[in-house]
Visitor: 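Sharing a structure, written as structure tokens. Questions coming.
Computation of the quantities below employed the complete heavy-atom set of this structure, encompassing side-chain atoms and omitting hydrogens, waters and symmetry-equivalent molecules.
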Amino acid sequence: MAANNRRMSGKKGAQVGSGGQRRRGLEGKGPTPPAEMRKGHKKNRVANAKAKQAVRRPAPRGRGGKGTSEMVVGRNPVVEALREGVPAVTLYVQQFIDNDERVREALQLVADRGGVHLMEAPRPELDRMTNGLNHQGLVLQVPPYEYAHPEDLAGAAYDDGADPLIVALDGVTDPRNLGAVVRSVSAFGGHGVLVPERRAAGMTAGAWKTSAGTAARTPVARATNLTRALEAYKKQGIVVVGLAADGEHEIGDLEALGGPVAIVVGSEGKGLSRLVGETCDYRVRIPMPGGAESLNAGVAAGIVLYEAARRRA
């Protein structure tokens, strides 16, 4: 009997359940993250070190100077920027982020593109980098844009044996308008866009997106003084044509658009500034039978560029 008791005492009785932990432990955890995202991996350490250097290193200045580094913040903006080919240095991903569709797409786009560092960072660090903006765990660092020099735009045209076709923006402050102008210049065979260094839109992530990738092949130059840059063009034989609602000529009548020309587009509200307007060889208007008072810079530039391209065909 004692032996039977010993045998029975060895049997396990009722036990508390695991709460599904064992079952969940057998479930898949999704695709393996890239090596750059795996903590402790050599590529992760290298990517982190390069990313820190990129943030701290001051931007060198070229002939046309460089813009400032920019952060694209939030899951949708980051994914859209990557889809549109906006240049990027580093994608910062929050530690323990909820791995939804947008996060997975951002990681896949970075992996497909190559050359973009992946860096995992705690939420407080991302809050600090973005000044407390709602980053949703994704922050994309856009490198400073390298501007061309105003002389480079005309020089590239002459090197190709072509008459320069340049668009200058006077007082245009919306980056989306700049991006739209860059896109139109590319579409109609122009040689670049000239913007002032101050009080004007620059090549931000928003401008890159609106350009639909054409900013990669259409240079944007920056001038310390727009009036002096236009006067330098005139000395090279380039005709400066300003768009104005009260212009003396209609675009369809101006034969100068068929030759070397710099088209100056002012802001939608104020138009051309006084000094820039006085520098222009011609001031032209776009006929608008519908009665609208003005067009935004992107649309106006597209219309005049079409007329210039038609005359050159």
Side-chain angles (χ1 to χ4, degrees), residues 148-151 153-154 157 163-202 218-289 292-312:
H149 190 277
E151 295 175 2
L153 306 185
D163 287 331
L165 177 57
I166 299 165
V167 173
L169 301 183
D170 179 24
V172 175
T173 56
D174 189 340
R176 293 170 297 182
N177 268 333
L178 172 56
V181 171
V182 169
R183 189 172 183 177
S184 294
V185 169
S186 176
F188 293 111
H191 299 102
V193 179
L194 176 63
V195 297
E197 188 172 327
R198 297 181 181 180
R199 295 185 293 276
T218 302
V220 176
R222 191 166 61 174
T224 305
N225 185 295
L226 182 60
T227 302
R228 283 204 295 266
L230 294 174
E231 288 173 347
Y233 282 160
K234 292 173 68 171
K235 291 177 181 178
Q236 298 177 44
I238 298 173
V239 177
V240 177
V241 175
L243 294 187
D246 58 350
E248 298 83 13
H249 308 273
E250 286 193 2
I251 60 167
D253 300 331
L254 191 64
E255 295 183 1
L257 289 175
V261 65
I263 302 162
V264 190
V265 183
S267 65
E268 184 176 350
K270 298 180 179 179
L272 299 175
S273 62
R274 181 181 62 83
L275 289 177
V276 169
E278 292 173 355
T279 305
C280 295
D281 296 302
Y282 300 97
R283 297 191 330 136
V284 299
R285 65 184 182 275
I286 299 173
M288 292 184 286
E293 291 185 2
S294 62
L295 299 170
N296 69 40
V299 174
I303 292 172
V304 184
L305 284 165
Y306 168 77
E307 176 63 22
R310 185 186 69 80
R311 290 179 174 272
R312 293 160 182 253

Visitor: Where the side chain of Asp281 meets the backbone of Val241, is there a donor-acceptor pair that is under 3.5 Å apart?
Guide: no
Visitor: Stepwise, does the salt bridge (Lys or Arg N to Asp or Glu O under 4.0 Å) test hold for Arg228 with Glu231?
Guide: CA-CA 5 Å; Arg228 283 204 295 266; Glu231 288 173 347; over 6 Å; no
Visitor: Rounded to the nearest 0.5 Å, what separation is found between the CD atom of Glu278 and the CG atom of Leu230?
Guide: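 Rounded to the nearest 0.5 Å, the CD-CG separation comes out at 13.0 Å.
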Visitor: Give a yes or no answer on whether the side chain of Arg312 reaches the backbone of Gly259 with a donor-acceptor pair at less than 3.5 Å.
Guide: yes
Visitor: Quick check: are there more than 12 heavy atoms from other residues, nucleotides or ligands sitting under 6.0 Å from CD of Glu248?
Guide: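 Enclosed.
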Visitor: Might you confirm whether atom CZ of Arg199 has over 12 heavy atoms from other residues, nucleotides or ligands at distances under 6.0 Å?
Guide: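 Counting other residues, nucleotides and ligands, CZ of Arg199 stays at 12 neighbours or fewer.
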Visitor: Is the backbone of Val182 close enough, under 3.5 Å, to the side chain of Ser186 for a donor and an acceptor to pair up by distance?
Guide: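 Judged by distance alone, no pair lies under 3.5 Å.
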Visitor: Once you round to the nearest 0.5 Å, how far does CZ of Arg198 lie from OG1 of Thr224?
Guide: 8.5 Å
Visitor: What pairs with Ala187 under side-chain contact (heavy atoms from CB on, under 4.5 Å), at least two apart in sequence or on another chain?
Guide: none
Visitor: Would a 4.5 Å heavy-atom cut-off, applied to side chains only, mark Lys234 and Thr279 as touching?
Guide: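 SC-SC contact between Lys234 and Thr279 confirmed.
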Visitor: For Arg183, does the CZ atom have more than 12 heavy-atom neighbours from other residues, nucleotides or ligands under 6.0 Å away?
Guide: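 Open: at most 12 neighbouring heavy atoms sit under 6.0 Å from CZ of Arg183.
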Visitor: What are the two closest heavy atoms between Ser184 and Gly302, and how far apart are they?
Guide: OG-CA, 3.9 Å
Visitor: Is the shortest side-chain heavy-atom distance between Val261 and Asp163 below 4.5 Å?
Guide: no
Visitor: Please check if the side chain of Tyr233 supplies one atom and the backbone of Pro150 the other of a donor-acceptor pair under 3.5 Å.
Guide: yes
Visitor: List for me each residue that meets side-chain contact (heavy atoms from CB on, under 4.5 Å) alongside Asp253, sequence neighbours excluded, and say none if there are none.
Guide: Glu250
Visitor: Looking at side-chain heavy atoms only, is the closest gap between Val181 and Val265 below 4.5 Å?
Guide: no
Visitor: Looking only at non-hydrogen atoms, find the nearest pair between Pro164 and Ala157 and report the distance.
Guide: CA-CB, 3.6 Å
Visitor: Give me the atom names and distance for the closest heavy-atom approach of Cys280 to Val264.
Guide: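 It is SG-CG2, 4.3 Å.
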Visitor: Enter the distance from Leu165:CG to His191:NE2 here, rounded to the nearest 0.5 Å.
Guide: 7.0 Å
Visitor: Measure the CG-CG distance between Leu194 and Leu153 for me, rounded to the nearest 0.5 Å.
Guide: 6.5 Å
Visitor: Pairs under 3.5 angstrom only: tabulate donor-acceptor contacts from the side chains of residues 168-179 to other protein residues two or more places apart or in another chain.
Guide:
from   : atom 1 : to     : atom 2 : distance (Å)
Asp170 : OD2    : Ser273 : N      : 2.7
Asp170 : OD2    : Ser273 : OG     : 3.0
Asp174 : OD1    : Arg176 : N      : 2.9
Asp174 : OD1    : Arg176 : NE     : 3.2
Asp174 : OD2    : Arg176 : NE     : 3.4
Asp174 : OD2    : Arg176 : NH2    : 3.1

Visitor: Just how far is it from atom CZ of Phe188 to atom CD of Glu307, taken to the nearest 0.5 Å?
Guide: 11.0 Å
Visitor: Supply the atom-to-atom distance Ile251 CD1 to Leu243 CG, rounded to the nearest 0.5 angstrom.
Guide: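 Rounded to the nearest 0.5 Å, the CD1-CG separation comes to 8.0 Å.
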Visitor: Tell me the closest heavy-atom pair linking Ile238 and Ala262, and the distance in Å.
Guide: CG2-N, 3.6 Å
Visitor: Heavy atoms only: give me the nearest Leu226-Pro196 pair and the separation to one decimal.
Guide: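 Smallest heavy-atom distance, with atoms named: CD2-CG, 4.1 Å.
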Visitor: Checking Arg311 side chain against Gly252 main chain: does a donor-acceptor pair fall under 3.5 Å?
Guide: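 Indeed, once roles are kept as given, a pair shorter than 3.5 Å links the two residues.
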